[in-house]
Structures are given as structure tokens and as C-alpha cells.
Number of protein chains: 2
Amino acid sequence: MNSSPFSTKERILGAAESLFATHGFAGASLRQVTAAAKVNLAAVNYHFGSKDKLIEEVFRRRLDELNTRRLGALGRLAQKPDTTLEAVLEAYIGPALDLSRTGGGGAAFVRVLARAYAEHNETLRKFLSENYGHVLRQFAAEFQRLLPSLSKEELYWRLDIVTGALTYAMADFGIIQRKNEVAEQAHREQAADHLVHFAAAGLRAPSPHPAPRG
Amino acid sequence: MNSSPFSTKERILGAAESLFATHGFAGASLRQVTAAAKVNLAAVNYHFGSKDKLIEEVFRRRLDELNTRRLGALGRLAQKPDTTLEAVLEAYIGPALDLSRTGGGGAAFVRVLARAYAEHNETLRKFLSENYGHVLRQFAAEFQRLLPSLSKEELYWRLDIVTGALTYAMADFGIIQRKNEVAEQAHREQAADHLVHFAAAGLRAPSPHPAPRG
DNA sequence: GTCTATATTTGGATAGAC
DNA sequence: GTCTATCCAAATATAGAC
């Protein structure tokens, strides 16, 4: 049963990604995964050892590339002295958007990532923090350079808000119904454009300087 | 085993809320729920009929009140002609914050709500849309009045972003480590303040007027 | 590496005594 | 309304043939 151009391992990863996105980590069973991947049930334990290890691999496969691309985009920008806030936001948001365009299953992975935030699982949090913390700090430094009037604390609060909005938008969780005539991909690009625009304005808001009143 | 001041039904709802917040709907078992509630396993099926009905009740209990309070706050504002954008945002965000302060389990519920967005479960989506859609439309009308230069579509995109950021912030998903000396509650209030400030700036951003280039 | 078959655990739901 | 005991389905994981 290996007429597919993808290896058994890759097919499992793809199917798991898709099903975790739809049903969650606990909600998607290995039986569903192996059926969708058209491999035998026992293959998961053979190739990954356990369901938990499989989950980890689903993350690692995409995060490594996403991190690299974000930092690459940031590096190219940081050279230029006339970098705009929008450009840096685009460097952060763009690779996530590109990923969500990947035919394979990137769109599903973005939803999996959003789920990961919802899981308060400390192990997963630590894993993500170790990956994203690094990237976020580099972006924060660049944002700080462009927004010198913001305190470090104020900046981090705002970046956290941006991350939340990005997660939500990329995962297509919106309450508001998307018009049917707008295709999936066009919808994502619109979402990214609106997000960059909105986030830039939010980041540029004057610091509230919370002085004691009276 | 009913020495508690809360009824069996209420104890089950509270325990379910807390465990769903931590482990998700599929991840939390009825055995865990009934053990935490210190009631018998069979009590869930007796009082609610099934796990799915229990989940629905967890939502209904809080959403009814949250909706009512948001609309009440909005109604009081809408009377005045000099309402600010920040005040309307506060009317939307404040009740969610208050809920998250409820000693009982409101904080847990806010996380459950965030999970509900991550679940692409159509049944749940419809249920929430029927409740929140109504509230959101009323708020949208008020925002539209305060931001007449935004097209309806532009406004909805932005409100969707605000909802995402709110969901994320209230559920305390932030990557950035909170300082330990800052108490849980103070953290939430700070989050709400930052969110209102950020969102107001984002909503006020000039419309991009996406004219065809060239 | 892949398969069948199966061991083992866990979960949702219910029957029936009290 | 509450409890014990139990049924049944589904899940993870593994053993062992090929």
C-alpha cells in the first residue's frame, strides 16, 4: 500500500495535522489518522512511538521552517534604515500566511497551532515558548527600534495582542460569516492585509502614560 | 454526599467548566468531572442526559448573563450623544473581564469559550453565532455610528480582529511570561486596559481605500 | 517495514437497588 | 435523587507472523 509518492511517515503526519486541526488532539483518534493516511494502525507506534510523540512531530516539522522564514524576512529588513512598521509586521505575518497557503496541509497546521495556544498543556507551552520566544524577542527588538517611545513592557503587551489577533485570524475562527463567493485563499490574504493595517495603528497608539489621577 | 451549599447539578457544571478549560471537551472525561464534583458518575446522565448536553449547559449558564450585561452596558451608553469609542469597547470587554473575575469559575469559562472558537464544531459554532451574533450586531451598529467613515465590511473585519485579540487575552494564552509578582486579577485588568487602548487605535485607523493600483 | 490479531485501558451510557 | 455494578464501544499500544 505504498503507491503514494509520500512515505508512510509523511502521510501519517499530514493526516494527523488535518485531523488534529478539525477535532483537536484528544478528539482525533489514531484510528482516524491511520485510516485517513491509508496506513496500518500499528504504523503510528512503529514510526513515532506514541500519540504524544506524533503530536510533537507535527509541530516540529512546520515550526522549524516557519521560524527560519520569519527570521530571514526580518534579517533582510533590518539591514535597511528606512524599514516601516508595516514591513516588519508583514515579515511576521507573511510567512504564517504563506504557510497557510501551502497546498499540502499548512492551512491545517495553522489551525493546529491555534489549538496549541488553547491547550494549557504546560509541556506544549514550553515547547512553543522555546521556539517562538526566540523569534518573538528578535522581532520585539526591531519593533522597539521603530517605536522608541514605547516602554519595553508596553511593547510586549501590544505584541501579545497582535499575536492573539494573528492566531485567531489565521485560524479563521471569525464569528462573522465569510461571503461564499470569496475563496478561501483570497479570504486569508484579506485577513492578513486588514490585520497588518489594524496592528500597525494599534502599535503606533500613543503611550497612555498611566499617571495617577487627581 | 450533599453537604455542599451547591446542588449536584451546579457542582457538576462547575467541575465540568474547570476541566473543559484545562483539558478540552474531548480531553476531559465524565469520570474526571464527577470525581472533581464529588458526585456519582451516573449523576451526569441523570441530570443532563449526555456529555454533549452537559457541554451545552456549561455555555448557556454563562452566556445568558454575559450577553445581558453587555447589552445593558451598551444600552446605557447609547443614550448619551457624547459616547467615546473607548467606552463602547469597555462595554464589550468589561463584562468579559468581570466574568473572568467571578470567583466561582468565570475565569475557567473564559478559557472554555476560547476553546469553543478553536473547535470547528459546526453545532457549537451555530449555537454561539445565534447568541453572540445578536450582541455583535448591536455593538457593530454603535461602532458604525462612531466611525462613520468605515465601510460596513471594513468595520466587520476590524471587529473580528478585536474579538480575536479579546479571546486570546482573556484566556491568558500569551506567550510572554507574566511577572510572578503581578497577581492574576491585576494581570487581567491590565490586559483589558491595554486591549481597549490598542483596539481603539486600530479601529480609528484611516480606511485604506483599496483603490486599484497603477 | 507492514500487516493481523489481540491485550489492556478508558470512556460513555444504563440497569436496577436503595 | 443517588449509588453500585456493569455493558459496550472505542481507544492506545503491543506481540508476532510475514
Side-chain angles (χ1 to χ4, degrees), chain A residues 1-61 112 115-116 119-121 123-124 127, chain B residues 1-61 112 115-116 119-121 123-124 127:
Chain A
M1 190 70 80
N2 218 340
S3 60
S4 163
F6 297 102
S7 71
T8 294
K9 221 172 158 177
E10 281 169 333
R11 290 221 305 286
I12 292 173
L13 283 170
E17 183 171 68
S18 169
L19 285 162
F20 288 156
T22 310
H23 301 113
F25 303 112
S29 73
L30 293 185
R31 285 179 152 77
Q32 287 176 285
V33 169
T34 51
K38 294 185 178 169
V39 302
N40 193 272
L41 172 60
V44 167
N45 278 281
Y46 176 79
H47 286 284
F48 300 96
S50 69
K51 185 178 184 178
D52 282 345
K53 297 279 177 143
L54 170 61
I55 293 174
E56 253 192 62
E57 273 307 302
V58 166
F59 280 102
R60 199 184 310 278
R61 179 173 68 144
V112 173
R115 260 179 197 282
E119 304 280 339
H120 259 200
N121 184 317
T123 311
L124 208 51
F127 175 80
Chain B
M1 191 71 78
N2 218 338
S3 60
S4 162
F6 297 101
S7 71
T8 294
K9 221 172 159 176
E10 281 168 334
R11 291 220 305 286
I12 292 174
L13 284 170
E17 184 170 68
S18 168
L19 285 163
F20 288 155
T22 310
H23 301 112
F25 303 112
S29 72
L30 292 185
R31 285 177 155 82
Q32 286 176 287
V33 169
T34 52
K38 294 186 178 168
V39 303
N40 192 272
L41 172 60
V44 167
N45 278 281
Y46 177 78
H47 285 285
F48 300 96
S50 71
K51 186 178 184 179
D52 281 346
K53 297 281 178 143
L54 169 61
I55 293 173
E56 254 191 61
E57 273 307 303
V58 166
F59 280 101
R60 198 185 311 277
R61 180 173 67 147
V112 173
R115 258 179 198 284
E119 305 280 340
H120 259 199
N121 185 317
T123 310
L124 209 50
F127 176 80

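Note on naming: letters A, B, ... go to the chains in the order of the sequence lines (proteins, then strands), and numbering restarts at 1 for each one.
Here the OG1-CD distance, from A/Thr22 to A/Glu17, works out to 10.5 Å after rounding to the nearest 0.5 Å. Here the OH-CG distance, from B/Tyr46 to B/Leu41, works out to 15.5 Å after rounding to the nearest 0.5 Å. Put simply, CZ on A/Phe6 and CZ on A/Arg11 are 9.5 Å apart, with the number rounded to the nearest 0.5 Å. Taking CG of B/Asn45 as the start and CG of B/Leu30 as the end, the distance is 7.0 Å to the nearest 0.5 Å. Atom NE2 in B/His47 sits 10.0 Å away from atom CG in B/Leu13 (nearest 0.5 Å).
Whole-Å rounding puts the A/Leu54 CG to D/dA11 P distance at 15 Å. Atom CZ of A/Phe25 is separated from atom P of D/dA11 by 18 Å (rounded to the nearest Å). What separates NZ of A/Lys38 from P of C/dT2 is a distance of 16 Å, to the nearest Å. Atom C1' of nucleotide D/dA10 and atom CD of A/Gln32 are separated by 11 Å, given to the nearest angstrom. In this structure, the CZ atom of B/Phe48 is 11 Å from the P atom of D/dG1, given to the nearest Å. The distance from atom NZ of B/Lys9 to atom P of D/dT2 is 11 Å, rounded to the nearest whole Å.
Remark on the helix from C/dG1-D/dC18 to C/dC18-D/dG1: inter-end axis angle 0°, axes from five-pair C1' superpositions, rounded to 10°.
A/Phe25 is listed as a side-chain neighbour of A/Val112, based on a closest heavy-atom distance under 4.5 Å. Considering only heavy atoms from C-beta on, A/Lys51 stays 4.5 Å or farther from A/Val44 through its side chain.
Contact between A/Asn40 and A/Thr34 at its shortest, heavy atoms only, is O-CG2, 3.5 Å.
Salt bridge annotation for B/Lys9-B/Glu57: absent, with no cationic side-chain nitrogen under 4.0 angstrom from a carboxylate oxygen.
Not one side-chain nitrogen or oxygen of A/Thr8 sits closer than 4.0 Å to the OP1 or OP2 atom of C/dG1.
Set against D/dT2, C/dG1, C/dG12, the side chain of B/Ser29 has C/dG12 as its closest nucleotide.
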Table of protein N/O atoms under 3.5 Å from nucleotides 13-18 of chain D N/O atoms:
residue, atom, partner, partner atom, Å
D/dA13, OP2, A/Lys51, N, 3.1

